Visitor: 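Here's a structure for you.
Source: prediction; values computed, not measured.
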Amino acid sequence: MTEIISAILAFIIAIGVLVSVHEYGHFWVARKLGFKVLRFSVGFGSPLLRWQGRTVKYPANSAEIGGSDSVIDSEGPEYWLSSIPLGGYVKLLDEREGPVPLAEQHLAFNRRPISHRIAVLFAGPGFNFLFAIFAYWLMFVSGVPGTKAIVGTVTAGSVAEQVGMMPNDEILTVGGRPAQTWDTAVLAILDELLRDGLIDITVQDDQGVSRDLELDVRGREAELTEPEALWVGLGFEPGPILPPVMDEISNGGAAEQAGFLSGDQVVSVEGEEISSWFGWVEYIRERPGEKVMVVIDRNGYQRSMELTIGFAQDGSQSIGRIGAGMDTNLAQEIYGQAIVEQRFGLLEALPKGAIKTWEMSVLTVRMFARMFTGDVSVRNISGPLNIATIAGDSARAGFTAFLGFMAIVSISLGVLNLLPVPLLDGGQIVYQLVELIKGSPVSERAMLIGQQVGVFLLFILMSFAFYNDITRMFS
């Protein structure tokens, strides 16, 4: 229950901040370019809190700002904090929504220059991108912890094994770009995957020898972009590898009865090589009650020992258990050597944040485009339930993780709103460009049809999102 509450709170905070940033972009640019703003609302529905802004001075005619010294005083915008904290809006004066006094007609949205209207429409997504740059800048200044891109287990017969990838290889570059951490490596792998399905990787073994590899997954893009399918499809897992060394042998457990001691390292089971602790755990979990022959390494000498796997209930499922824990000191030593931190000075971090935002934006655009063509799975679309879950997880992981989550969501909001779909900022920008080309506004009938199409497309998008959320909950 605590996790659910924290996820809801984190989701509301994240969405509240990012929507406010988006709407403030519209608001700020509209005010600067001489549009009359009637209302700025955080949230939808009836207002919980409202107040009237100060009187605003506007140019007294329809000339460009600064073209006249005469001004008029007009009532300032209303500010609302509304009851439904899942969005927000900025309401501008517009003759299409009702009669406008003659003295203020030049302040209406539909009377302002087309270039100014486009600037106002673009400002919302633009501020989302600026927020992401700020968030990444703050993260890089404070330090972003990460793990070196060290390869874990490699699946026999997989694409990775066929090109010569080995456990404990460290990935140096992907597509020619440095891969300092798994975070940067994964993004670069996805980028390469979405480009042409050829993933160029430079790795270095534990002896310092580097090799160039090319993973050919052309035609499998949709399969590999299924959630949680990337590593299975490529045939390797993120490392580093934690050796299957046992510790904390429980009294009376199956491990003690078999004669295992703290420090024993599993070599193989029934002839199957065991290379990692998690592979050992998975093997045991899948075989409750079975009797197996285990080869261990004890102080440099191998010996075979018979083990009868115990069992325990995990809900309605019976799983294998032997009563042995991992060597936590060894785990801390291995993972400690793999930890790196990306930290930059105040000025150096700014271009780093801008580059990170650009890379994430391009990747998001490619994902949307390849979903449209069917080359990327639509199961990657997340709805509010999954976003809330991730928000809660990132909030519990700390401020830096939560800030990174907000940066990614802010970029997604920016890209989504720029799609040429009626009802979104991108669709409204298209209307302005059409008016610029044809010399007259888009007809009311065309706008009505566009709105209907936009509602239908957004309904389809939200249906996919909710379906994906529900299937994730029950899978």
Side-chain angles (χ1 to χ4, degrees), residues 10-11 13-29 32 119 122-149 171-195 238 339-369 380 382 387 390-391 393-419 425-426:
F11 176 76
I13 290 171
I15 295 300
V17 170
L18 297 179
V19 168
S20 296
V21 167
H22 179 96
E23 297 303 331
Y24 184 73
H26 293 311
F27 173 83
W28 187 80
V29 173
K32 289 294 183 182
F122 183 79
F127 269 52
N128 281 130
F129 297 128
L130 289 176
F131 176 87
I133 292 173
F134 169 77
Y136 285 129
W137 170 83
L138 186 57
M139 290 170 62
F140 285 134
V141 168
S142 58
V144 180
T147 306
K148 291 180 181 179
I171 298 177
L172 301 180
T173 66
V174 177
R177 288 182 290 173
Q180 299 96 334
T181 65
W182 269 119
D183 177 51
T184 55
V186 169
L187 292 178
I189 288 172
L190 286 173
D191 190 46
E192 288 283 282
L193 179 65
L194 295 175
R195 284 178 184 272
I339 295 296
V340 293
E341 183 181 68
Q342 292 179 287
R343 185 190 295 270
F344 304 98
L346 292 173
L347 296 179
E348 188 182 7
L350 186 58
K352 295 288 185 182
I355 292 171
K356 180 77 170 179
T357 300
W358 171 256
E359 291 176 345
M360 292 299 299
S361 301
V362 171
L363 180 61
T364 304
V365 170
R366 285 206 179 102
M367 289 286 283
F368 274 122
N380 287 282
S382 293
I387 294 174
I390 299 173
D393 292 340
S394 61
R396 286 188 293 273
F399 176 72
T400 299
F402 187 60
L403 198 59
F405 160 78
M406 290 181 66
I408 292 173
V409 175
S410 190
I411 290 169
S412 299
L413 284 174
V415 172
L416 179 64
N417 272 279
L418 285 176
L419 294 179
D425 295 325

Visitor: Can you see which heavy atom on Gly414 is nearest to which on Phe129, and at what distance?
Guide: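 For Gly414 and Phe129, the tightest heavy-atom pair comes out as C-CZ, 3.7 Å.
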Visitor: What's the spacing between Leu18 CG and Met406 CE if we round to 0.5 Å?
Guide: 4.5 Å
Visitor: Side chain to side chain donor-acceptor pair (under 3.5 Å): which pairs involve residues 125-144, sequence neighbours left out?
Guide: His22-Asn128, Asn128-Ser410
Visitor: Return yes if some donor-acceptor pair links the side-chain N/O of Trp182 with the main-chain N/O of Gly146 below 3.5 Å, else return no.
Guide: no
Visitor: Got a donor-acceptor contact below 3.5 angstrom from the Asp191 side chain to the Leu187 backbone?
Guide: no
Visitor: What is the distance from atom OG of Ser394 to atom CZ of Phe399, rounded to the nearest 0.5 Å?
Guide: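 Reported to 0.5 Å precision, the distance equals 11.5 Å.
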Visitor: Among Val415, Leu194, Ile411, which residue meets the side-chain contact (heavy atoms from CB on, under 4.5 Å) test with Leu363?
Guide: Leu194
Visitor: Could you label the plane-to-plane angle of the Phe127 and Trp28 rings as parallel, tilted or perpendicular, counting under 30° as parallel and over 60° as perpendicular?
Guide: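 The rings of Phe127 and Trp28 sit tilted, inter-plane angle from 30° to 60°.
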Visitor: Can you measure from CZ (Phe131) to OG1 (Thr357) and round to the nearest 0.5 angstrom?
Guide: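 Reported value, rounded in 0.5 Å steps: 10.5 Å.
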Visitor: Can you measure from CG (Leu138) to OG1 (Thr400) and round to the nearest 0.5 angstrom?
Guide: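 Answer rounded to 0.5 Å: 7.5 Å.
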Visitor: Quick check: closest heavy atoms across Ala14 and Phe402, and the distance to 0.1 Å?
Guide: CB-CZ, 4.0 Å
Visitor: Which heavy atom of Ala179 sits nearest a heavy atom of Val174, and at what distance?
Guide: CB-CG2, 4.4 Å
